[in-house]
Amino acid sequence: MKMEFSDRALRIKASEIRELLKLTVQPEIISFAGGLPAAELFPVKQIADVTCEVILKEGHCALQYSPTEGLSRLRQLILEQRLAKVGIHANLEEILITSGSQQALDFAGKMFINEGDPIVVESPTYLGALNAFLAYDPRYVEIPLEEDGMDLDLLEEALSSGLRPKFIYTIPDYQNPSGKTMSMAKRRRLLALANTYDLLIMEDSPYAELAFDGEQLQPLKALDTEGRVIYLGTYSKTFAPGLRIGWIVAHPTLVNKFIQIKQGADLQTSSLDQKIAAAYMETYDLNEHIDLIKKVYAQRRDVMFDAMRKHFHPEITFTESQGGLFTWVKVREDLDTKAILQEALKENVAFVPGESFFAVNKHKNFMRLNYSCMPEEKIITGIERLAQVLNKYYSD
Ligand code: PMP
C-alpha cells in the first residue's frame, strides 16, 4: 500500500532516546527519566466523590458537547483561584481551556509559524515544545540559559542586528529540563525588549506553583501591560495530568484565533473533565493539595541532592533547583551522556540524556534527572548506582 506522508509528518520522528527509555519500565530499573507527578499523591478519593456528584447531578450536561473556549465556570475559577493569586488579572475573554498545555504549544505553532520563520527558544528547552513547533518548520534561534534565565545580552544583540522572531518561547520557572528560574530583573528586561521590538512572548508555566524554597516569582504575564505575553497554564503538575486541563491567557484577539484553531482540532476539551476540575475547585482547597505535593517533592529533591553531593565526583555539577520536578547534571565536556545511558542501564538506572533538549547546538554532556515520582530509598540507591557509572569516567 502506498503511504505518502506529508513533509510535515516526515519531520516528526520517533526519538532514539524514547526507544532506549522504553527499557526503563522494567521493575528492576530505577528511572530518573520520567517527568511524571507522583501518582500516589493524586487526591483520588476526592476526585471520585466529585465525579460521582457531577455525573449524578449534571450528567446530561457533563456528557454533552460544550463551548470550544471551555466552561465559563471553570475559566472563572482558574482566573480567581490560580491566576489572580500570582498577579494575573484577566477576564473571561482572555482565557480559553486547552487539552493540556501541549495542545497550546501545537496551536501556537499552527498560528504563527510559516516555513522558515525564526522563533527564539531557550537552550536547552522542553523537548515536547521543540517537537510541536518542528511540524511547522521554524528556524530555531537558540539563546543559552544562564543560572538566572536566558542570556538577554545575546538576545538583545540578535534583535538589534535585525532578528524578528515570531515569538520568544520561555519556561521561566523551574524550567524543564534545566530546573533553572528566570530572575525578576530578567523578567522585566525580557518584557522591555519585547515592548521595544514589538514581539510576542510565550510563557509556558507548568511548574511555577511548585516553589519549594522562597516565594513564587511574578509571571511575565503579570508584568505585561501591552498584551504581548501568551501565558500557558496546566493542571498536569499540580493536580492530575490525566484530566488534560490546561489554559491559555492572552489578548482577546489571540484568544479568538486560538478558539478557531481549537475548533478544527478537537472542538473542545472534555466537558466531563472540565466539570470534574471545577467541582473539585469548588469543594476542596487545591492550595492545600499543592502544599502537600510541594512538601513531598522538596523532601525527595533534598534526598537526591544530598546523595549527589555525597557520591558524585566533585567535578560533576547540577542545578540546585528551588522547585519543580527536575535537576540538570553537567558532566565533562568530552563525555556523551547517550553512551553513558547505555552503561547506566546495565546498572539498572536511567535518566534522559540532555542532547534532545537542544534545538540546534546539541550539547552531549548533560542529563536530566527527575525527583518527584520515586520513594526516597530508591532515589538514594539510584544515585549511588549512577555515581558508580559516572565516576569511572573521572578516575585517571
Ligand atoms: N510544557 C512543559 C514545559 C512541560 O514540561 C510539559 C509536560 N511535561 C508540558 C508543557 C505539557 O504538559 P500538559 O500537556 O500535560 O499540560
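Hydrogens, waters and symmetry mates play no part in the numbers below; they use all other heavy atoms, side chains included. Remember, it's 1-based here, ligands and their atoms both numbered in the order they're listed.
Remark: Asp153 engages Arg189 in a salt bridge, criterion side-chain N to carboxylate O under 4.0 Å. Using a cut-off of 4.0 Å between Lys/Arg side-chain N and Asp/Glu carboxylate O, Glu122 and Lys180 are scored as not salt-bridged.
Asp148 and Thr181 share no side-chain donor-acceptor pair at under 3.5 Å.
Qualifying side chain to side chain donor-acceptor pair (under 3.5 Å) partners for Asp198, counting only residues two or more places apart in sequence or in other chains: Arg228. Applying the side-chain contact (heavy atoms from CB on, under 4.5 Å) test to Gln216 and every residue at least two apart in sequence or in another chain returns Val86, Ala208, Glu209, Ala211. Under the side-chain contact (heavy atoms from CB on, under 4.5 Å) criterion, Lys295 pairs with no residue, sequence neighbours left out.
Listed by chain and number, residues touching ligand 1 at under 4.0 Å (heavy atoms only) are Gly100, Ser101, Gln102, Tyr126, Ile171, Asn176, Asp204, Pro206, Tyr207, Thr234, Ser236, Lys237, Arg244.
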